[in-house]
Number of protein chains: 2
Amino acid sequence: MSLIVKSKQKSFGGTQGVYTHQSASTQCEMELSVYLPEKADTEKCPVIYYLSGLTCTQENVTVKSGFQKYANEAGLIVVCPDTSPRGTDYPGENDSYDFGSGAGFYLNATQAPWSTSYRMYDYVVNELTDLINNNFPVIQEKCGIFGHSMGGHGALTIGLKNPEKFKSISAFSPIVAPSQCPWGEKAFSGYLGKDKEAWKNYDATQLIQNGHRSANNILIDQGTADDFLTEQLKPELFQQACEQHGQPLTLRMQPGYDHSYYFIASFMKDHISFHQKNLHQ
Amino acid sequence: MSLIVKSKQKSFGGTQGVYTHQSASTQCEMELSVYLPEKADTEKCPVIYYLSGLTCTQENVTVKSGFQKYANEAGLIVVCPDTSPRGTDYPGENDSYDFGSGAGFYLNATQAPWSTSYRMYDYVVNELTDLINNNFPVIQEKCGIFGHSMGGHGALTIGLKNPEKFKSISAFSPIVAPSQCPWGEKAFSGYLGKDKEAWKNYDATQLIQNGHRSANNILIDQGTADDFLTEQLKPELFQQACEQHGQPLTLRMQPGYDHSYYFIASFMKDHISFHQKNLHQ
């Protein structure tokens, strides 16, 4: 697996890179960003993966959230992949913002035609982590994951299913119960089929109910002025499951904040600090 | 003059707004962003104006630079206007990135057809400041100006010509001597005509030579890896003029940084602190 450099730019003392590579999981070229703090010039560093939300590419968080300042201060490498395969030309791939391109939902599709390349779960959990471990100075056992909205769903489900790999989990306004909201129902029906048994494997609230755990406390920030809060996000469902099943969780409702990158940027410092602490930096 | 609210979003404790209004100076609808720190809920605050570079709108700095964090901490209002009139439909208005739309150069054009609406100097100095003073809780006598590239040129020239109004000036990678670089020669020829006497009024280096001063030290940050450094920006010309004519200047060459918003974001904190100090906050 070889990485092609698209750009490298100095940012807050470190280096913000954008790369492409040919992916075996998704059968197409994938773009990602990798931020290396100054510290990575001379020693290995912990790494955190940020998964983005619907309609996003790697670029949104990379140019809008300002994570570089805090990542450089904390000595953390930050990896931001794309949200789906691109250019597969399946019928309907580009018809809606919440299914197909830009909406991979971090799962392995089982339904044709999506099952060939919509394999973002395998991509993130195995291929991307191998790629990063082989190409950047990371401390492999110090690895965390976070994300926003659909990417918060991705971070929670991937983290809970792979606690030995991702030791620290946080999320901004995540979809915590996709089996119980319109975004998740549409995506899971299309990618996984109508049988809801198959959905449980990609639903953070059900994963908690079924015994999956993170070794550390999970941090979730959620804006109270988020237009998607009551219909799509429903953090109380995850909170109830965590309380009932003994998963430590800090859910912070942030008054007046919406679903945008202004919200994410406002609390990015706290999330970077959270991962730094969990990864014993 | 009435302001129309396009959006308001909470950001770092304050409120990031985007507005439009019908401009008398530019004869069209103009868009701008205004950030209000939390402090502005209960008292008047100093204000700083940020002028953007070629191809930009108000949006680039508003979503990419992360100034909101520092502005909220400093209790400063930040106003970001657009870079030119829009939609005038003059022949050639949209033909190049460095002339016409997105490239107003913060001057009053004297050449037809541009002279009717390409009046960004009047817009910023008079109309925009009146609009802000009348609609937001600003301390009018505590006002600063800064900008990037073409907007750095705007901040230097507007600030030097109106020192009683703009008491604090800084810039990221500014065009300091537009009469002596291709960007400036093209823009000034088109907007002001071939007679270079008329150009002196909009050239920061010549303004210093002709006796214009800022009451405070001027801060300039410039990346050494900026592709435009030697052909277009030439900060040494401004530095020499300031040294010869007694204008205090801090020019910081920042190793490895380019012309992008990654560079601006990396040093935004210092610029906000600089203006806060100059405005005696």
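Proteins come first, then strands; the chains are lettered A, B, ... in the order of their sequence lines, and each starts at number 1.
- The aromatic rings of A/Tyr19 and A/Phe136 lie perpendicular to each other, with more than 60° between the two planes, well past the 30° mark.
- Contact of B/Ser65 with chain A is not made at all, since no heavy-atom distance falls under 4.5 Å.
- Options A/Lys64, A/Gln68, A/Gln254 differ in how many heavy-atom pairs under 4.5 Å they form with chain B, and the most are formed by A/Lys64.
- No part of A/Tyr261 comes within reach of chain B, as not one of its non-hydrogen atoms sits under 4.5 angstrom from that chain.
- Under 3.5 Å, the side chains of B/Gln9 and B/Gln16 contain no donor-acceptor pair of N or O atoms.
- Partners of A/Asp258 by salt bridge (Lys or Arg N to Asp or Glu O under 4.0 Å), not counting sequence neighbours: none found.
- Ring orientation note: the planes of B/His153 and B/Tyr106 are tilted relative to one another, at an angle of 30° to 60°.
- Of the two parts of B/Lys69, only the side chain, counted from C-beta on, holds a non-hydrogen atom closer than 4.5 Å to a non-hydrogen atom of chain A.
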